[in-house]
Amino acid sequence: MAKAMTLLWGAGSPPCWRVMIALEEKNLQGYNQKLLSFDKMEHKSKEVLDINPRGQLPTFKHGNTIVNDSYAVCFYLESQFKSQGNKLIPDSQEEQALMYQRMFEGLTFYDKLNAVIYYDWFVPEGERHESALNRNKEALTTELKLWEGYLQKVCEGTHTQTHTHTETQADIACFGLFKLLSAKRYPELGEYYNLLKDRPSVKASWPPHWLENPEGQDTLKDI
């Protein structure tokens with residue numbers, strides 16, 4: 001089953017990591033995989049562009065079916081292998097609604113995180129301004145306080161998916177984004193991260209890039 005799957009991925013990429021976690025959660029080990037280098041621009045190679053015209057990773061193929069967006073891959077895996085491995089979409093309408101809400105809010109968080117970590121990458125040197133970077137940092141800080149508040153409500157008894165033994169698509173989507181944050185400054189996010197980091201699917205797919213070089217910590221030290 002998994003042998004019919006191929007994943008092209010890049011180390012240190014949260015979108016790639018979430019797909020690998022989902023594959024582990026659905027017991028789909030043994031798939032074909034190839035690690036590509038962002039630094040060497042291998043994600044823009046013909047190998048990738050032939051199946052993903054955007055030249056982005058992850059790129060996923062199952063038989064003749066190609067799915068390139070990481071969220072789409074996660075939903076595809078749950079749909080195709082619903083009865084295998086762990087269920088990643090809850091049955092309750094209320095729980096599903098909250099899962100979808102947090103999952104797609106994660107996209108906003110990811111954009112604001114990237115705007116800080118990769119500011120020098122995205123913005124040409126002559127167009128960089130300290131004031132612009134500071135605005136990006138302020139926007140990220142506001143976003144983090146919002147998520148900290150979400151998790152604080154969980155501790156006060158509000159029903160949600162996080163802080164439980166069951167992982168959902170929302171946890172897979174958001175977990176990797178919280179890795180580089182200060183647990184002292186954001187204790188609820190730190191607790192959430194620690195709750196999931198030892199999960200077998202997370203440990204089995206931990207990006208080697210982040211074992212060797214925890215990118216972004218210096219950039220986020222004052223966030």
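What you see is a predicted model; the values in this text were computed from it and never measured.
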Side chains of [X] and [Y]: does their closest heavy-atom pair fall under 4.5 Å?
X: Gln84; Y: Leu28; result: yes
X: Trp9; Y: Leu36; result: no
X: Arg18; Y: Phe175; result: no
X: Met20; Y: Tyr31; result: yes
X: Asp198; Y: Lys203; result: yes
X: Asn68; Y: Gln56; result: no
X: Met5; Y: Gln33; result: no
X: Cys174; Y: Phe109; result: no

Would you please classify the geometry between the Phe75 ring and the Tyr100 ring as parallel, tilted or perpendicular, with 30° and 60° separating the classes?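 Tyr100 and Phe75: tilted rings.
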Once you measure the plane-to-plane angle for Phe38 and His43, does it fall in the parallel (<30°), tilted (30-60°) or perpendicular (>60°) bin?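 Phe38 vs His43 ring planes: perpendicular.
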What is the distance from atom [atom1] of [X] to atom [atom2] of [Y], rounded to the nearest 0.5 Å?
X: Glu191; Y: Leu196; atom1: CD; atom2: CG; result: 10.5 Å
X: Ser205; Y: Ile21; atom1: OG; atom2: CD1; result: 4.5 Å
X: Leu49; Y: Lys46; atom1: CG; atom2: NZ; result: 9.0 Å
X: Lys137; Y: Thr142; atom1: NZ; atom2: OG1; result: 14.0 Å
X: Glu148; Y: Leu189; atom1: CD; atom2: CG; result: 4.5 Å
X: Phe60; Y: Leu8; atom1: CZ; atom2: CG; result: 10.5 Å

Just do the side chain to side chain contact (heavy atoms under 4.5 Å, CB included) check on Gln29 and Glu24 with the steps written out, would you? CA-CA 6 Å; Gln29 297 87 354; Glu24 291 289 332; 3.1 Å; yes
Output, in order, the C-alpha distance, side-chain angles, deciding distance and verdict of side chain to side chain contact (heavy atoms under 4.5 Å, CB included) for Gln96 and Ile89. CA-CA 7 Å; Gln96 277 192 26; Ile89 298 179; 3.9 Å; yes
Other residues, nucleotides and ligands only: do more than 12 of their heavy atoms fall within 6.0 Å of CZ on Arg54?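 Not buried by this count: 12 neighbours or fewer within 6.0 Å.
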Is there a path from Tyr119 to Tyr110 through hydrophobic residues (I, L, V, M, F, W, Y) whose side chains come within less than 4.5 Å of each other?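 In one cluster with Tyr119: Tyr110, yes.
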Same apolar cluster (I L V M F W Y, side chains within < 4.5 Å links), Phe122/Met41: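 Different hydrophobic clusters.
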Are any side-chain N or O atoms of [X] and backbone N or O atoms of [Y], one a donor and one an acceptor, separated by less than 3.5 Å?
X: Asp171; Y: Thr168; result: yes
X: Asn52; Y: Leu57; result: no
X: Tyr71; Y: Met103; result: yes
X: Asn86; Y: Lys26; result: no

Indicate yes or no: does Glu105 engage Arg102 in a salt bridge with an N to O separation below 4.0 Å.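 Yes.
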Is it true that Glu25 and Arg199 make a salt bridge, defined as a side-chain N closer than 4.0 Å to a carboxylate O?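 The answer is yes: the pair qualifies as a salt bridge.
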Minimum-distance pair of heavy atoms, taken over all atoms of [X] and [Y]:
X: Ile51; Y: Ile66; value: O-CG2, 3.5 Å
X: Ala170; Y: Tyr192; value: O-OH, 4.4 Å
X: Glu188; Y: Leu151; value: O-CD1, 3.5 Å
X: Lys44; Y: Gly55; value: NZ-O, 3.3 Å
X: Cys74; Y: Gln169; value: O-NE2, 2.9 Å
X: Leu77; Y: Val19; value: CD1-O, 4.5 Å

Kindly determine whether Leu133 and Arg128 satisfy side chain to side chain contact (heavy atoms under 4.5 Å, CB included), including the steps that lead there. CA-CA 8 Å; Leu133 178 57; Arg128 296 172 197 162; over 6 Å; no
Any chance you could lay out the side chain to side chain contact (heavy atoms under 4.5 Å, CB included) test for Glu94 and Leu98, step after step, and finish with the verdict? CA-CA 6 Å; Glu94 179 186 356; Leu98 186 54; 5.9 Å; no
Tyr186 ring center near Trp147 ring center (under 6.0 Å):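 No; Trp147 has its ring centre 6.0 Å or more from that of Tyr186.
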